[in-house]
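Atoms considered below: every heavy atom in the structure, side chains included; atoms not considered: hydrogens, waters and symmetry mates. Sequence lines set the chain letters: A, B, ... in the order given, protein chains first and strands last, and positions in each chain run from 1.
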Amino acid sequence: MKKMQYDHAKIEAKWQKYWATVGLFQDQVAVLPKNKQYLLFAFAYPSGSGLHVGHVESKTALDMLTRFYRMTGQDVYFPVGWDAFGLPAENYAIKTGVHPAVTTREAIDTFRGQIQRLGISYDWANELATNHPGYYRWTQWLFLQLYKKGLAYRGIGVVNWCPKDQTVLANEQVVEGHCERCGTKVVQKELEQWYFKITQYQDELLDGLNQVDWPEATKQHQRNWIGKVKGLTIDFTLKKNSQALPVWTKFWETVYGATFVVMAPEKFEALKLGNLVAADRQQAVADYLDQAKHKTEEERRIGEKDKTGVNTGLTVVNLVNGQEVPLFVADYILMGVGTAIVMGVPAHDERDFAFAKKYSLPITQVVSYDDSKIDQAVRNSERSFEGPGKLVNSGQFDGQEAWGAGKENMAAWMIEQGFARWETTYKLRDWLISRQRYWGAPIPIVYDPDGKPHPVKEEHLPWTLPTDVDFKPTGESPLKSSQEFVARTEKLYGKGWRPEFDTMDTFVDSSWYFLRYLDARNTKAFADPKQLKAWLPVDLYLIGPEHIVLHLLYARFFTKFLRDEGYLTINEPFTKMRHQGMILGPDGKKMSKSKGNVINPDEIISKFGADTLRIYEMFMGPLEAAKPWDDRAVAGVARFLKRVFAVYQLKVSSQTDPALARKLHQTLKKVTADIPALKFNTAIAAMMEFLNLWEKTARDSDETALTSQDLVMFIKMLAPFAPFMAEELYGQLVSVKGTKQYQGVHVQPWPKFDAKLAQEERVAVAVQVDGKLRGQLTVEHGQLEDQTTILVEARKLAGVEKWLKDKQIVKEIYIPGKIVSFATK
RNA sequence: GCCGCGGUGGUGAAAUCGGUAUACACGCAAGACUUAAAAUCUUGUUCUGGCAACAGAGUGUGGGUUCGACCCCCACCCGCGGCACCA
């Protein structure tokens with residue numbers, strides 16, 4: 001046989017072309033599946049800079065799994081698409097004047113080429129892009145369904161506004177008071193906007209988490225985000241007119257210690273309590289309210305250390321003991337948390353303590369603590385403390401456990417008295433979806449001349465995004481600059497009618513794409529119900545940890561809504577989910593252009609080949625871990641593949657070396673178990689181990705030491721990992737290659753290992769004396785259960801005998817095939 | 001502060017159920033080939049002592065359970081991610 005050198009560029013180009021020609025693994029969703037595997041990768045935003053190594057990691061992992069499942073005879077669906085609306089393309093357009101549609105198309109073309117070079121076996125038949133009218137028509141349809149049910153509504157509210165991007169942001173897109181995207185300080189603005197009523201499903205979104213196989217941390221994040229808390233709402237009353245001021249709290253056991261009541265400025269205005277304020281306080285209160293209104297989120301945050309407030313001069317009655325306490329307004333009380341009215345218990349709450357100190361308010365201790373140091377400090381009003389203890393100064397409840405019986409009894413009593421009730425609160429807010437941006441799906445709403453909103457008629461969908469638009473940010477929606485858009489609206493709905501000029505948050509587009517994947521060319525429905533039923537839910541979703549909260553919550557919300565509307569039969573869209581870890585630069589830091597530590601996958605491919613890149617990224621470590629890039633380790637993987645290729649150029653043996661056969665089956669067993677467990681790193685290590693033994697066995701010979709059947713077995717094992725090389729080597733081995741009957745390695749059945757052959761004949765059993773390893777006993781496989789003999793043999797081992805001499809054995813243990821343990825006195 | 005994840009050789013990391021800690025790879029060292037270098041191959045590589053046999057120590061720290069702990073329990077330290085004036 002002619003010896004060939006491993007030429008990755010030639011081999012990869014050849015097979016990429018061949019697979020494309022025969023349409024390998026295309027259009028798979030049409031088949032009604034028996035053993036379905038719907039594998040999903042969080043679709044990418046097609047940025048101008050192309051695929052990065054992080055994309056490669058998750059795409060490769062799923063591709064390996066996909067190829068493995070196919071070989072084991074399952075019906076796999078592995079689709080691809082583009083999250084194509086969004087800010088970067090629009091910002092680029094503002095800078096250069098190039099239309100986002102153009103840059104997006106170019107970026108998608110780049111990505112597509114890179115993906116094919118990587119050997120990712122996507123099914124392209126249902127490729128989709130969210131900016132395509134054929135897609136966003138159904139995004140708009142979804143909006144209209146929500147609208148019909150009152151789950152898409154218009155509301156006035158204080159919104160987060162990014163002055164640089166000139167748009168509203170969802171709460172989720174504000175990170176520490178700054179815009180998630182551009183880092184600009186976010187300001188508050190009052191606007192009328194569209195919301196999706198996700199809170200309608202808050203309990204189900206919480207409960208559903210118990211049904212899915214997701215990382216515990218992710219579920220916990222979602223739970224925290226929904227933030228369900230059971231508390232007690234207690235009425236305090238305004239002395240002047242007996243008006244009830246409900247206070248919500250988790251710590252009602254400290255209610256006897258309330259020495260003031262404080263409410264959010266917005267709440268004070270909403271309740272119109274200003275009129276009740278005595279004349280001499282009017283000015284001070286008005287000033288404070290005005291000042292609070294003009295504070296940004298950031299300024300309020302700074303106030304954390306120095307709390308401000310104003311005494312309204314009004315008096316409030318604490319109904320538990322009739323005590324009269326002052327009413328304050330303070331901006332450390334947040335609108336939207338509880339009732340926005342808080343009882344101030346300075347002895348047992350840090351914030352209330354700081355406030356009481358500043359305004360010289362009394363501090364009443366109502367819980368005494370076992371720790372005398374703490375108790376002393378609280379008694380002397382030196383600090384506040386929250387913790388378990390006994391109630392004091394609390395009327396009939398004195399002496400009861402504050403975090404036990406006392407808490408329960410007090411709640412029961414207050415409820416019985418009629419001035420308290422249970423109330424559950426949530427942190428989750430409705431989803432603000434309006435964006436004053438161009439590059440998104442238009443909200444399908446038109447306004448009549450009176451300004452009343454009406455849904456765009458379904459026959460007018462897709463409600464297309466106009467093209468005659470000036471992108472320059474003005475603080476208003478760019479769509480306002482389109483003449484065509486207004487003309488179209490007037491033509492279809494009448495003179496004086498106006499379209500909604502805002503577009504939808506791109507999270508709307510990207511939170512239902514996994515449904516459209518199943519039938520992306522359907523023009524009658526977002527997907528054929530038969531396909532939806534056959535393929536949903538998604539069996540495995542691989543997604544970056546950055547999407548833990550928003551995307552997943554929204555996708556689950558849509559799923560539940562569409563189920564209620566009769567379109568879906570599932571409760572949860574993603575049965576199993578895992579996260580891939582971030583690939584860091586060689587310096588161990590997050591890759592970024594400014595740090596100059598970015599690794600370009602194209603360069604790795606041209607230097608070492610796609611097979612090497614794939615295997616290296618999977619070999620770096622566990623899929624979910626953050627891993628730094630190591631150039632030299634890449635070369636190590638390239639070496640591995642080169643060695644595999646070289647050993648396949650030897651003459652095929654007529655018999656397989658027995659020791660090597662055992663190792664082969666052991667390796668196959670390990671790889672077969674590791675792939676579905678997503679433990680690609682150890683599967684690769686096992687194959688490397690096999691190669692090490694193989695080379696040793698075949699050394700100083702011109703033969704492979706494997707039969708052609710066993711050579712095929714290993715190459716099939718390698719196929720999901722290194723699809724190009726596997727196809728090449730398989731072709732070299734199989735005689736029908738080049739003929740019409742030739743079918744590549746990727747459609748071959750996954751080999752079966754011989755369990756008996758994979759078992760070692762002799763097993764090394766470790767022998768311990770007093771927990772220390774003192775010897776090793778080699779036992780024939782058939783003798784493993786013979787405890788008596790083994791214990792006798794173990795004692796006789798030279799290294800063991802030495803340590804047992806002059807000692808009395810008090811216990812001896814034998815775990816078959818593992819260990820012998822002697823305990824002595 | 002709260003929630004979550006993690007801490008193992010010089011480095012990335014293995015260790016399936018509580019059972020021989022450090023597989024695999026990188027790096028490093030020595031050697032082979034070479035005029036030389038690169039590439040490739042071979043051998044070694046947890047630490048301490050010892051020529052060696054061997055002995056001792058060893059999975060962030062301190063304790064505990066167990067014949068036996070990277071793994072389980074308690075207390076703590078450090079790193080990373082998220083949330084945070086949430087009453």
Side-chain angles (χ1 to χ4, degrees), chain A residues 175-176 215-221 223-225 227 229 231 247-252 254 262 264 300-305 307 330-334 336-345 348-352 354-355 386 425-427 545-546 548-549 581-582 588 616 619-622 624-637 639-640 642-643 646 670 673-674 677 679 681-692 695-696 699 764-777 799 802 809-824:
Chain A
V175 179
E176 294 195 352
E216 198 46 49
T218 305
K219 294 196 211 177
Q220 204 52 47
H221 265 105
R223 289 190 191 108
N224 290 346
W225 194 263
V229 185
V247 156
W248 182 83
T249 178
K250 286 189 289 189
F251 306 106
W252 59 83
T254 62
V262 56
R300 274 200 179 192
R301 193 182 309 280
I302 291 163
E304 212 170 312
K305 285 170 202 117
K307 299 194 186 333
D331 63 10
Y332 81 91
I333 306 305
L334 303 176
V337 178
T339 56
I341 310 175
V342 171
M343 62 177 191
V345 185
H348 306 289
D349 182 281
E350 213 183 312
R351 295 152 305 172
D352 295 345
F355 195 76
E386 293 168 42
T425 65
Y426 296 82
K427 257 195 260 182
E546 69 276 15
I548 278 176
V549 177
M582 196 186 296
Y616 170 64
F619 185 60
M620 291 172 88
E624 66 280 5
K627 300 146 287 213
W629 187 271
D630 182 350
D631 278 315
R632 289 184 297 205
V634 183
V637 170
R639 213 171 293 148
F640 164 69
K642 225 163 150 178
R643 286 160 57 205
K670 172 118 184 97
D674 279 354
K679 289 161 76 175
N681 54 333
T682 50
I684 293 163
M687 289 189 286
M688 287 175 168
E689 238 180 288
F690 174 73
L691 178 66
N692 289 344
E695 283 182 330
K696 211 174 263 182
R699 190 181 298 160
V765 173
V767 182
Q768 292 184 345
V769 178
D770 291 326
K772 281 211 179 351
L773 184 69
R774 295 301 183 190
Q776 219 177 52
L777 198 61
K802 190 166 91 185
I809 297 176
V810 289
K811 197 166 187 177
E812 45 185 28
I813 287 166
Y814 171 57
I815 307 292
K818 300 270 187 188
I819 209 157
V820 171
S821 183
F822 296 109
T824 69

State which of [options] makes the closest approach to the side chain of [X].
| X | options | result |
| --- | --- | --- |
| K679(A) | C41(B), G19(B), A15(B) | A15(B) |
| K627(A) | G68(B), A13(B), A55(B) | A13(B) |
| N692(A) | C83(B), G19(B), A25(B) | A25(B) |
| E689(A) | G12(B), C67(B), A23(B) | A23(B) |
| L334(A) | A21(B), C85(B), C24(B) | C85(B) |
| F619(A) | C67(B), C24(B), A14(B) | C24(B) |

Across all strands shown, which nucleotide pairs with [N] by Watson-Crick or G-U wobble geometry, both distances under 3.5 Å?
| N | answer |
| --- | --- |
| G62(B) | C74(B) |
| C86(B) | none |
| G18(B) | none |
| G81(B) | C3(B) |
| C54(B) | G49(B) |
| G31(B) | C41(B) |
| G9(B) | none |

Inspect the contact between D349(A) and R351(A) and indicate whether a charged nitrogen and a carboxylate oxygen are less than 4.0 angstrom apart. yes
Regarding E350(A), tell me which of base, sugar-phosphate or nothing describes its non-hydrogen contacts under 4.0 Å with the strands shown. nothing
Strictly distance-based, threshold 3.5 Å: is any side-chain N or O of Y616(A) a donor or acceptor partner for the main-chain N or O of G636(A)? no
Anything under 3.5 Å between a protein N or O and an N or O of nucleotides 1-8 of chain B, put it in a table, one pair a line.
residue	atom	partner	partner atom	Å
C3(B)	O2'	N224(A)	ND2	3.3

